Trainee: 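Sharing a structure, written as structure tokens. Questions coming.
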Amino acid sequence: MDKRFDRIDLEYQIKHRNGEYIWVSARGLASYDNSGKAIRIAGAQTDVTARKMHEQELSYAAFHDDLTGLPNRTLFMDRLQQVVNRCQRLGEKPAAVMFIDLDRFKFINDTMGHAIADLLLKQVAALLLEAVRPGDTVSRIGGDEFTVLLQEVDGKDDAIQVVERVRNTINKFYDLDGRNIEVTASLGVYLFNGTECMADQVLRNADLAMYHSKNEKRGHYELFGTSQHKKMLDDLQIELDLREALNNGELLTYYQPIVDLNTGKIERFEALVRMMDPKHGLILPGQFIEIAESKGLIASLGECILKDVLRQLGRQFQG
């Protein structure tokens, strides 16, 4: 006798008699006769609420920040890429990304401790959620860095209105363990309308605008512009040139005499560094010292100059 067996394997929610909804797994097996009529059905229902809740907790943890409960970088980048794709495909209204960095957060963390710093981050997260529009995404992507995705804006003025509201909301005095601490944030903003292909590019431009804002004046915002992009490329080239100069011994030591005005005699010398670039010639320290400090090269730079001074002094005494 030919038999045909069909299986069912379903998970769904049902309302328990206590009024709560539970998850149920239903599995069954049907047996049919030659005419196709079901002659037997066997199966079972199992309460799988605990497993489903555990799966949901794991999924939530994978895409949300433990401290603030905000979407993390992974979820933010996924939503940002979806908006970028939609702008490209449909040519909808432009969107914008805010990159927010708390000023002097490291100082607060080092002097007041991690617990107070975490309290500040939670308060900032709550304020950001109040300041943005329904449908916008607020994310903590790491440390004291937050991002906001404005899905649709009516041009630059509309975006600036939201940005100013966010800035004014964050920049205030916070009650941290009974102490009133003033906190400000530097913001970078980037508007896009479908010309970009990747979310990484959009976030990088917003980050660059924030970096420029922090360097200019803390507690303010800056919109991304082509001049900032050019400065980023110039700074990157100087960094690469500086690393090469350190490796190849292309740093030069100049000396500034310090004169006693009463006697007119040279009392001592100040050693000054210059960088000789094969393409651009002599580069003054004002163009690379700040980059050396930000990229962790300042100690190597000082050591290189100290060795050069000692080497020249050695030759002087030998002569």
Side-chain angles (χ1 to χ4, degrees), residues 59-80 82-83 92-109 112 114-192 199 202-203 206-207 209-211 213-214 217-224:
S59 176
Y60 183 88
F63 296 105
H64 291 81
D65 174 51
D66 289 339
L67 180 66
T68 63
L70 295 175
N72 60 15
R73 177 185 285 268
T74 302
L75 181 54
F76 180 82
M77 295 304 290
D78 179 72
R79 291 183 181 177
L80 177 56
Q82 291 182 38
V83 173
E92 295 182 345
K93 290 182 178 179
V97 167
M98 273 188 278
F99 199 109
I100 305 166
D101 183 89
L102 300 183
D103 300 325
R104 300 174 64 247
F105 178 78
K106 185 178 185 302
F107 173 78
I108 295 174
N109 189 50
M112 303 184 68
H114 297 304
I116 299 301
D118 287 348
L119 176 62
L120 172 60
L121 292 173
K122 290 179 182 179
Q123 292 185 22
V124 169
L127 290 172
L128 281 172
L129 289 174
E130 293 177 3
V132 300
R133 310 166 308 176
D136 294 336
T137 298
V138 179
S139 168
R140 180 186 175 216
I141 62 173
D144 62 326
E145 295 177 338
F146 296 85
T147 52
V148 179
L149 172 60
L150 308 177
Q151 295 208 27
E152 288 187 1
V153 292
D154 293 322
K156 184 175 73 172
D157 291 341
D158 187 26
I160 288 177
Q161 188 176 16
V162 180
V163 172
E164 289 183 339
R165 185 166 66 245
V166 167
R167 183 195 62 180
N168 294 334
T169 300
I170 296 176
N171 292 357
K172 72 184 192 73
F173 283 87
Y174 290 76
D175 182 2
L176 301 176
D177 195 29
R179 282 176 282 188
N180 251 355
I181 306 296
E182 185 180 16
V183 176
T184 60
S186 297
L187 292 78
V189 188
Y190 182 61
L191 275 72
F192 61 96
V202 173
L203 186 63
D207 186 11
M210 183 281 299
Y211 179 77
S213 171
K214 188 176 286 287
K217 188 177 182 181
R218 292 182 175 182
H220 289 260
Y221 68 87
E222 188 80 26
L223 268 67
F224 177 84

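Predicted, not measured: the structure shown is a model, and the values here were computed from it. The figures that follow rest on heavy atoms only: side chains count, while hydrogens, waters and symmetry mates do not.
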Trainee: Mind checking salt bridge (Lys or Arg N to Asp or Glu O under 4.0 Å) for D157 and listing every partner two or more places apart, or none if nothing turns up?
Mentor: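 Counting only residues at least two positions away or on another chain, D157 forms no salt bridge (Lys or Arg N to Asp or Glu O under 4.0 Å).
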Trainee: Closest approach of A209 and L223, non-hydrogen atoms and distance?
Mentor: CB-C, 4.1 Å
Trainee: Quick one: list whatever passes salt bridge (Lys or Arg N to Asp or Glu O under 4.0 Å) with K106, sequence neighbours left out.
Mentor: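 Residues passing salt bridge (Lys or Arg N to Asp or Glu O under 4.0 Å) with K106: D110.
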Trainee: Please report the closest heavy-atom contact between A95 and V83, naming both atoms and the distance.
Mentor: CB-CG1, 3.8 Å
Trainee: What is the distance from atom CD of Q161 to atom NZ of K156, rounded to the nearest 0.5 Å?
Mentor: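 These two atoms lie 14.5 Å from each other.
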Trainee: Are any of the side-chain heavy atoms of I116 and L120 separated by less than 4.5 Å?
Mentor: no
Trainee: Not counting sequence neighbours, which residues clear side chain to side chain donor-acceptor pair (under 3.5 Å) with T74? List them please.
Mentor: none
Trainee: So which pairs with a foot in residues 165-181 pass salt bridge (Lys or Arg N to Asp or Glu O under 4.0 Å), sequence neighbours left out?
Mentor: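 Of all non-adjacent pairs touching residues 165-181, none passes salt bridge (Lys or Arg N to Asp or Glu O under 4.0 Å).
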Trainee: Below 4.5 Å, heavy atoms only, C-beta onward: do L128 and I170 meet side chain to side chain?
Mentor: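 They are in side-chain contact.
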Trainee: Between N72 (side chain only) and A62 (backbone N and O only), is there a donor and an acceptor less than 3.5 Å apart?
Mentor: yes
Trainee: Does anything in residues 131-185 form a ring pair (Phe, Tyr, Trp, His ring centres under 6.0 Å)? List the pairs, not counting sequence neighbours.
Mentor: none
Trainee: Which pair of non-hydrogen atoms, one from I100 and one from A185, has the smallest distance, and what is that distance?
Mentor: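 For I100 and A185, the tightest heavy-atom pair comes out as CG2-CB, 3.9 Å.
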Trainee: Going from CG on L80 to OG1 on T147, what distance comes out if it is rounded to the nearest 0.5 angstrom?
Mentor: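 Spacing of CG (L80) from OG1 (T147) equals 8.5 Å.
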Trainee: Please list, chain by chain and in numerical order, all residues satisfying side-chain contact (heavy atoms from CB on, under 4.5 Å) with A206, sequence neighbours excluded.
Mentor: V97, F99, Y190
Trainee: Distance from M77 atom CE to I141 atom CD1, nearest 0.5 Å?
Mentor: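 Output value for this atom pair is 8.5 Å.
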Trainee: When you measure from the side chain of S213 to the backbone N and O of H220, does any donor-acceptor pair fall under 3.5 Å?
Mentor: yes
Trainee: Going by salt bridge (Lys or Arg N to Asp or Glu O under 4.0 Å), name the pairs with one or both residues in residues 62-79, residues two or more places apart or in two chains.
Mentor: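 Matches after skipping sequence neighbours: D65-R140.
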Trainee: If a pair satisfies salt bridge (Lys or Arg N to Asp or Glu O under 4.0 Å) and one of its residues is in residues 121-138, list it, with sequence neighbours excluded.
Mentor: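 For residues 121-138, and leaving out neighbouring residues, the salt bridge (Lys or Arg N to Asp or Glu O under 4.0 Å) pairs sorted by first residue read R133-D136, R133-D158.
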Trainee: Is any side-chain heavy atom of I108 closer than 4.5 Å to one of I181?
Mentor: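 Side chain of I181 against side chain of I108, heavy atoms only: contact under 4.5 Å found.
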Trainee: Using modelled atom types and a 3.5 Å cut-off, is there a donor and acceptor pairing between side-chain atoms of T169 and backbone atoms of A131?
Mentor: no
Trainee: Under the rule for salt bridge (Lys or Arg N to Asp or Glu O under 4.0 Å), what residues qualify as partners of D103, not counting sequence neighbours?
Mentor: K214
Trainee: Listed by chain and number, what are the side chain to side chain donor-acceptor pair (under 3.5 Å) partners of E164, not counting sequence neighbours?
Mentor: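 Checked E164 against side chain to side chain donor-acceptor pair (under 3.5 Å); matches are Y221.
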Trainee: Could you check whether any side-chain heavy atom of M210 comes within less than 4.5 Å of a side-chain heavy atom of M98, counting everything from C-beta outward?
Mentor: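 M210 does not reach M98 side chain to side chain.
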Trainee: Should T137 and L75 count as side-chain neighbours, where that means a heavy-atom distance under 4.5 Å?
Mentor: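 T137 does not reach L75 side chain to side chain.
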Trainee: Check side-chain contact (heavy atoms from CB on, under 4.5 Å) between D144 and all other residues, then give those that pass, not counting sequence neighbours.
Mentor: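 Scan of D144 (side-chain contact (heavy atoms from CB on, under 4.5 Å), adjacent residues dropped) gives D101, L102, F105, L121.
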Trainee: Quick one: closest heavy-atom pair of G219 and N171, and the distance?
Mentor: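 What the structure gives for the nearest pair is O-ND2, 3.0 Å.
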Trainee: Supply the atom-to-atom distance F107 CZ to M112 CE, rounded to the nearest 0.5 angstrom.
Mentor: 9.0 Å
